[in-house]
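A note on names: the letters A, B, ... follow the listed sequences, proteins ahead of strands, and every chain is numbered from 1.
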Amino acid sequence: MLPDLPLHLPPLHLAVPLMAAPVGVLWRRPVLAWGWAAVVSAVTLLMAVTTLVTVLGHGPVSYAVGNWPAPWGIELKLDILSALMLVLINGIGLLTVLYGRASVQSEIQASHQYLYYICYLLALAGLSGMVITGDAFNLFVCLEISSLSSYALIAMGKGRKALTAAYNYLVLGTIGATFYIIGVGMLYMVTGTLNMADIALHMQAAPVNRTEVVAIAFLLVGIGLKLALFPLHKWLPNAYAHAPTAVTTFLASTATKVSLYILIRVFFTVLNGAPLLASHLWAEMLVPFAIAGMFSASLVAIFQTNIKKMLAYSSVAQIGYMALGLGFGTVNGLAAGIIHMINHAMIKGALFMAVGCAVLRIGTSASGAVRVESWQGLGRRMPLTMFAFVLAGLSLIGVPLTTGFVSKWYLMMAAFEKGWWLVAVLIVLSSLLAVVYIWRVVEAAYLRPALPGSDTSRCEAPLSMLLPLYLLVAANIWFGIDTRFTVDLAQAAASALFQPVTGLNGGAQ
Amino acid sequence: MITMVTLIDLVLFTLLGITAIAMLRIRDLFAVVMLSGIYSLVSAVIFTDLDAVDVAFTEASVGAGISTILMLGTLALTSTKEKTPRRQSWGALLIVLVTGAALMYGTVDMPAFGDAASPINSPVTDRYITASGEETGVPNIVTSVLASYRGYDTMGETTVIFTAAIAVLILLGSARTTDAPVTPRPATTRSLELRPILRAGAKLLIGPILLFAFYVQFHGDFGPGGGFQAGVIFAAGVILYALIFDMDRARALFRPAVTRPLIALGVLIYAGTGIATLFFGGNFLGYSAFNPHHPAHGQELGIFLVELGVGITVSNVMMTLFFTFCGRRRP
Amino acid sequence: MSWTSLIDHAIGHYNYWVCVVLMMLGFYIVIASGNLIKKIIGLNLFQTAVIMFYISMGKIDGGTAPILVDPEKVSGPVVYTNPLPSVLMLTAIVVGVATSALGLALVVRIKEAYGSIEEDEILAADRASDAKEQAQYAASAAQAAKTEAAQQGHA
Amino acid sequence: MSLLLDCLSWLLILTGGTFCLLGGIGLLRMPDFYTRTHAASLPDTLGVMGILGGLILQGVNGGHWMSVIKLSLIIVFILFTGPIATHALTRTALSHGHAPVLHENRLPEQQPVKKDSKAGRKRGRKK
């Protein structure tokens, strides 16, 4: 008897990459391992798109694992936002696998490449698992799958600094995860359930309780650490700078986004309608941190000589924008945050991919290849790569006709709607800082002479890397001009999140 | 209300606090590792006292056993002294004090310890206690919740262990490992071989340890235990053999070529059981579908299978971890 | 609040307080210690304390371990301690040992790469190599600019 | 019969407890590694055996035969592991040149409580 697969898609989003990883032990040859990862990513992307279509057509999906109804069993819950996240994660995943073959070949020793792909599949499984689950503790388990595999992926970077970066990420990430389970434990203590919607129902009914307040604070700090929200971002720049470029691309465009997704879940599903949220204090508390992050991280980025590190600091700043969207605490603000989350995944994905192309061809030491000086004269040597970098950079700055402009536009609209004029001005000002640091790279590549002794012959990255790169750049332009898809979806997702939670088992909307 | 349990609890908790403070102050890492083993053991006693026998079992075998061995292996490869004097880090102290104060503030509204009326003893728990016996046919509620009601979590847990093994193989699995027999072997190992009493004692113990592992694996439905504890105990038996007799001989018995595929196999058994239920018409991991006429029998079969998967993965991961850490040559 | 109720409160929350103190001891070791192994040990301490916190909340006075007993063998109803925290914490222990194994493997590799497991020494080594690289690249960039200027002057 | 068993069991438990306590005191008060190991092995053997023996009698008294069997097995295992562990520990110490502090090689001014192992080892080698 064949199962009705579309009906059972929710658990398969986790189970398929999770089972593909151990099977991957069999394919030791790098080509086979790569092919396997690519096939699995394509399948999961297909599943994710199917789920998104289903959710858009028929409303949120709820799935009782093991036939145990929530709150006794674990419930998987897919609404528009989680389906959107699934498409984002798996889409970026497929692109980085396709892109990563040449990059991984040059940066990771051949005997370890199959382990790299296994770890990638595990990270994919963990991230998908976090997005689909409706259970607060199950989220922690999936978080650990993705975290452990990310630590290993980062440690695979060339050079010893990758090891210390992975170690620091491990320590801070574990503290974050532990804070998260302390928070979940306290919520469980006062509500007696682990199902997010069920927790929300209990909290709606009960008066404000000091244990709940502390629990939410711990959840915030724990997720903030994983999200690298300023000032909890200390692990991120080094981790991104020293990881293999394919890993940086994947993590920068998915891992922090999923952390933001958890934050949204806590604010809008767990705290849904609870007396705690009445003052919107929690969301607004994010605003000062978000703005401080936007400025301080951008300023630090300006003074970086390591391009990967510069982009990593820029990520911290961009996380500030997303958190700011959440901090408005309005439907439009949340929508703006979600829009920027999607757009930033595309922007940073493209930028890091371009960096990877350059690293492949410059080919000095791990840290040498990403120094601004090494990039001098690169405009003539790798015109296509640099052109992509410039386009993605423009999108990061927020020039009209790019996705970056769209997200900043909606953020400013949300600020105006709230009457926060100063915040709107600050958004523009901090975007100017991005001009400075992107310009430094562009200047080096196009206007400065190449370093003595370096190869100046024209040498473009292989097509297998350029194609995914240009696909993302094209997406940046496409969604910058035709904003319907992202904006409509984000607004639908945001307004769905503002619906009160009224019951379990799919009755959330 | 002061009961005997509360009293024992108070004493043990105080002991735990003292151990933790000693761990903070001592700079000899060897002593700190030993203290952390003691800390785990005392925690295990407290867990038993608090009726969490499965957790106690796991903490004793993992915290006091495997963790300590891994740490000792690391010490052997690095150094046993903490060089930098403990910095008087006021920033760290401030962070910790603020966090601690927040937690203390949070305890104010917590239900009292041992209170049967506290919210966590809610309908969710009620069903586990009253209905799990009939629904799953497994008397140990922890096992039935772990493997069935929240089996999806446990699948994730098995994957976490698998991930750790892959990660450790990435980091330590090549270059410096001693695949060929090391010559000459360090003096301590050789002197160990000359110890008839130790060897005789170990010979007598290893058999029962391995047997006990199987007992724990298959008796986990009825008493404390299950795949995870069984896996750790089995690995502990092998580790004992490797420590006292010979690393190379142990590795020849449990070759990486065998253990590594088995790690993957365990995860596949678990997730495969989930997929199999789909073919029987149930939801993912809905074991009842295995036997539509007697759902409880289906549950028993499913729980047996996934526990087997957990046991296979965990035992092989633990052995792999041990061999990778302790097989690495000192730099 | 009367004295007796205060004492009752203290006894009812002593467990949680000790757990908090243990958590904070572990947390302090993690963030204040400069030794990489000790940090991992601190993480273990922290996590074990959290486990204890969960298990404490599951305990019921007069309860017994959540393994069903044959109702015919005992007289009267049996109170079982809450099994759910145990289940959750079994998972947490596994996650904890996985994390510390990975952390320790990283420490071994760091020792091999840097020759040290002290945070200060590693930072110093990194700083030294950074400064060297910085100087090297600054020099070559300056040289490149000079050559370019000379070429333009020549033209 | 049952009263007799009960008394005997409590006697055993108390004896075991006393040995454990003595072991603890000895661990703190003894001068050097070897004597301390000796003290530490007391709770491992006599202490545990006393307490478990007492518990076995309780089990016999109450008819919990499963517990009696399990407790007896524990005694057997502890009887194995305790002395072996102590033996391995002391032999390793001895083979690493850790000499016992004997009466004749203790300096008169040295406090017996401050067992300085390094000083002890040096003098041990001289001998």
Side-chain angles (χ1 to χ4, degrees), chain B residues 2-3 10 13 16-17 20 24 29 32 36 43 47 50-55 58-59 62 66-67 70 74 77-78 82-84 87 89 92 95-96 100 103-104 107 110 112-114 116 120-121 125 128-129 133 139-142 145-146 150 153 157 160-161 164 167-168 171-172 228 321 331, chain C residues 11-18 20-22 24-25 27-29 31-32 34-35 37-38 41 44-45 48 52 55-61 63-68 79-84 86-87 89-91 93-95 97-98 100-102 104-109 111-112 117-118 120:
Chain B
I2 301 183
T3 59
L10 291 184
F13 265 120
L16 214 55
L24 174 69
L29 288 176
V32 175
S36 90
S43 317
F47 294 148
L50 297 179
D51 296 338
V53 277
D54 283 271
V55 179
T58 315
E59 181 66 34
V62 173
I66 298 288
S67 277
L70 288 184
T74 313
L77 290 168
T78 54
E82 187 182 359
K83 239 188 246 166
T84 29
R87 287 168 294 184
S89 167
I95 293 174
V96 168
L103 276 171
M104 283 295 188
T107 60
M110 282 181 188
F113 170 73
I120 75 159
N121 303 313
T125 319
Y128 293 148
I129 288 174
N140 186 351
I141 306 176
V142 173
V145 177
L146 185 85
R150 295 188 70 89
D153 260 357
E157 167 197 332
V160 168
I161 278 287
V168 170
L171 288 166
L172 302 178
F228 189 74
L321 289 183
Chain C
I11 290 171
H13 291 77
Y14 178 79
N15 265 27
Y16 302 133
W17 294 341
V18 178
V20 169
V21 170
L22 289 174
M24 289 309 111
L25 274 170
F27 191 32
Y28 183 77
I29 294 179
I31 53 181
N35 184 291
I37 295 183
K38 204 155 178 190
I41 295 176
N44 272 343
L45 201 68
T48 314
M52 202 136 355
I55 298 297
S56 295
M57 64 169 114
K59 170 77 182 167
I60 297 176
D61 277 332
T64 175
I67 298 172
L68 295 173
V79 180
Y80 294 108
T81 289
N82 195 334
L84 194 52
S86 298
V87 173
M89 288 308 104
L90 278 174
T91 308
I93 292 177
V94 177
V95 168
V97 71
S100 54
L102 178 49
L104 291 172
L106 278 170
V107 172
V108 170
R109 282 288 300 276
K111 166 79 178 179
E112 287 170 5
I117 52 165
E118 304 293 330
D120 299 347

For the residue pair [X] and [Y], establish whether any side-chain heavy-atom pair is separated by less than 4.5 Å.
X     : Y      : value
C:P66 : B:I129 : no
B:L16 : C:V18  : no
C:I31 : B:I95  : yes
C:M89 : B:F47  : no

Side chain, backbone, both or neither of [X] within contact of chain C (heavy atoms, under 4.5 Å):
X      : result
B:V53  : side chain
B:S36  : side chain
B:L321 : side chain
B:V142 : both

Go through [options] and name the one with the most non-hydrogen pairs under 4.5 angstrom from chain C.
options               : result
B:V96, B:V160, B:T107 : B:V96
B:T125, B:L50, B:V62  : B:L50
B:V168, B:D153, B:I66 : B:V168
B:V32, B:L29, B:D54   : B:L29

**Study point:** Max heavy-atom pair count under 4.5 Å with chain B, selected residue of C:N82, C:I117, C:L25
**Key:**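 Greatest number of close heavy-atom pairs with chain B: C:N82.
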**Study point:** Largest heavy-atom contact set with chain B, pairs under 4.5 Å, which of C:V95, C:V21, C:V107, C:T48
**Key:** C:T48
Proximity breakdown for [X] and chain B, heavy-atom pairs closer than 4.5 Å:
X      : result
C:I37  : side chain
C:N44  : side chain
C:F27  : both
C:L104 : both
C:V108 : both
C:L22  : side chain

Exercise for review: Apply side chain to side chain contact (heavy atoms under 4.5 Å, CB included) to the pair B:F13 and C:S56, showing each step before the final yes or no.
Suggested key: CA-CA 11 Å; B:F13 265 120; C:S56 295; 4.1 Å; yes
Practice item. Tell me, with the steps shown, if B:S43 and B:E59 meet side chain to side chain donor-acceptor pair (under 3.5 Å). Key: CA-CA 7 Å; B:S43 317; B:E59 181 66 34; 4.9 Å; no
Point to revise | C:R109 side chain vs B:L171 backbone, donor-acceptor pair below 3.5 Å | key: yes
Practice item. Look at the side chain of C:K38 and the backbone N and O of B:L24, then say whether any donor-acceptor pair between them is shorter than 3.5 Å. Key: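 It does hold such a pair.
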Exercise for review: Could you grab the distance from atom CG of C:L102 to atom CG of B:L172, nearest 0.5 Å is fine?
Suggested key: 9.5 Å
Exercise for review: I would like to know whether C:I67 and C:Y80 meet side chain to side chain contact (heavy atoms under 4.5 Å, CB included); could you show each step before the answer?
Suggested key: CA-CA 8 Å; C:I67 298 172; C:Y80 294 108; 6.0 Å; no
